[in-house]
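Working notes for the structure below.
Reminder, nothing fancy here: chain letters follow the sequence lines and each chain counts from 1. Just so you know, these numbers come straight off a predicted model, no measurement behind them.
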There are 2 protein chains.
Amino acid sequence: MKLNMPTEFAEASADETRHHLLDAAGAVFAEVGFRDATVREICRRAGANIAAINYHFGDKETLYLEVLRYSHGKALEKYPPLMGVPADAPPEKKLRAFVHSLLLRIFDKGPTSWHGKVMLREMIEPTEAMDSLIEERIRPMASQLWQIVSEIMDLPMNDERVRLCSFSVVSQCVFYHHCRPVVTRLIPNELPQDAASIEHLADHITKFSLAAMKHLPTAKR
Amino acid sequence: MKLNMPTEFAEASADETRHHLLDAAGAVFAEVGFRDATVREICRRAGANIAAINYHFGDKETLYLEVLRYSHGKALEKYPPLMGVPADAPPEKKLRAFVHSLLLRIFDKGPTSWHGKVMLREMIEPTEAMDSLIEERIRPMASQLWQIVSEIMDLPMNDERVRLCSFSVVSQCVFYHHCRPVVTRLIPNELPQDAASIEHLADHITKFSLAAMKHLPTAKR
DNA sequence: ACATAATTCAAACAAGTGTTTGACAAGTCA
DNA sequence: TGACTTGTCAAACACTTGTTTGAATTATGT
């Protein structure tokens with residue numbers, strides 16, 4: 001195996017096919033899923049030999065995990081939850097930013113969107129990765145949203161209504177991700193294609209939720 | 001093939017294995033998905049021969065489609081969309097019934113819940129079965145909801161705001177199904193366990209949505 | 001009872017899968 | 001240079017898949 005350090009040239013060459021495999025695999029996995037993706041197709045797109053995957057990654061499943069690791073950290077880095085809205089901004093503005101950034105992450109094209117599909121798989125068969133992912137990435141965002149909603153509704157953060165309404169906000173965003181196959185078939189061209197229509201959708205969700213939270217019968221006693 | 005009408009007994013016997021296949025297939029599809037489900041495993045659980053699926057359904061894919069129809073039909077039969085609310089009832093009552101029955105279907109235990117799991121898998125990797133299922137099952141329910149929402153908002157059924165708000169309603173319901181692993185880890189014991197807590201959740205979603213639709217800035221001109 | 005149809009069954013089939021092999025070229029370092 | 005490692009390649013391997021086959025079995029209608 002790799003006992004000697006390769007030279008810069010050899011390293012570059014090896015990393016090159018490795019990188020091509022990662023890119024091709026990401027595309028194929030995203031298109032047809034892990035099970036229907038064939039190593040032959042991945043290698044064909046990568047311009048590599050059929051044995052390349054087993055040589056560079058061991059097996060198909062390790063390649064899958066490597067692709068995940070590759071696209072994992074990019075989503076939040078590209079679209080931070082509050083998108084530069086100052087901390088002393090009114091909560092309505094923060095909510096709008098929160099919704100918008102979530103939608104941008106969902107509708108983003110390229111390797112970033114890959115993470116979403118994997119999360120969907122985790123919903124069906126959660127792995128150990130789920131627990132750490134919840135604590136490291138999701139809970140902080142949830143707390144952020146609870147804070148915003150509690151300000152808007154003028155209720156304590158641990159109030160049940162704050163949690164329920166926060167879920168109502170998030171659910172409207174992830175719906176377009178989780179139910180994309182249904183939405184596209186039910187109403188073609190309904191899903192946002194460009195930045196403007198994403199903003200339009202963010203507007204609807206924000207206004208819908210604000211109207212609900214401010215006029216909910218039980219919002220204030 | 002079947003040219004003669006079989007007697008009641010033979011028909012019962014034939015339908016029996018057919019039914020066993022549907023049940024076993026529903027369980028297996030829900031557990032591992034269409035692609036990873038093998039006809040051998042399904043037939044083994046059904047106590048049938050390996051050729052039974054091809055004999056009774058033609059091929060694996062038709063069986064899958066039949067399972068989707070079968071399970072969704074059972075779910076709708078158990079929890080009809082409007083749950084006996086009269087046609088001349090106020091739209092608010094209908095919305096509440098629509099939400100409640102959808103939640104009941106989502107949180108139902110037993111064979112009925114297969115449909116939800118299989119549908120969730122369809123979201124990740126849609127098969128051809130999805131198209132016919134949309135037209136036969138989902139579109140009628142969508143029309144029903146659009147009708148209700150258009151009455152509530154006093155807008156024509158084909159108005160974009162009606163569609164958006166309808167999605168907002170449905171999304172809050174399916175959220176608890178699609179994101180169950182996240183919700184349970186984020187807030188233990190948040191998910192409804194009994195009929196009373198399901199009603200509680202139905203109350204929140206209905207009130208939240210009604211407040212939103214009635215106070216949406218653009219709802220009425 | 002008999003011919004016919006419907007159903008079940010074990011075995012085999014054809015196609016596709018991920019993986020392994022062994023040879024070969026190229027680069028590395030003594 | 002020459003032993004050694006790294007990377008690539010075509011071919012083949014071992015295995016699983018859904019499906020088909022043809023005979024055996026059971027039920028049906030006259």
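The shortest distance between the side-chain N/O atoms of Thr17(B) and the OP1/OP2 oxygens of dT8(C) is below 4.0 Å.
In this structure, Phe57(A) atom CZ and dG7(D) atom P are separated by 12 Å, rounded to whole Å. For the pair Arg18(B) CZ and dT7(C) P, the computed distance is 11 Å after rounding to whole Å. Computed from coordinates, the Phe29(A) CZ to dG18(C) C1' distance equals 12 Å when rounded to whole Å. One can place CD of Glu16(B) at 16 Å from P of dT26(D), the figure rounded to the nearest angstrom. At whole-Å resolution of the value, CZ in Arg44(A) and C1' in dT8(D) are 19 Å apart. Taking atom CD1 on Ile53(A) and atom C1' on dT20(C), their separation rounds to 14 Å, with Å as the unit. Taking atom CG of Leu63(A) as the reference point, atom C1' of dG18(C) lies 12 Å away to the nearest angstrom. Taking atom CG of Leu21(B) as the reference point, atom P of dT19(D) lies 13 Å away to the nearest angstrom.
Between the CZ atom of Phe98(A) and the OG atom of Ser209(A) there is a distance of 11.5 Å, given to the nearest 0.5 Å. Atom CG of Leu103(A) sits about 8.0 Å away from atom OG1 of Thr206(A), to the nearest 0.5 Å.
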*Classify every nucleotide of nucleotides 9-18 of chain D by which part a protein heavy atom approaches to under 4.0 Å, writing B for the base, S for the sugar-phosphate alone and - for neither, in 5'-to-3' order.*
BB-B----BB

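In this structure, the side-chain contact (heavy atoms from CB on, under 4.5 Å) partners of Arg137(B), at least two apart in sequence or on a different chain, are Arg69(B), His72(B), Leu133(B). For the ring-ring contact (aromatic ring centres under 6.0 Å, His included) test, residues two or more places apart in sequence or in another chain that qualify with His204(B) are Phe208(B).
Phe34(A) carries Lys60(A) over the face of its six-membered ring, with the cationic atom under 6.0 Å from the centre and within 45° of the normal.
Scanning both residues, Pro140(A) and Ile134(A), for their nearest heavy atoms gives CD-O, 4.2 Å.
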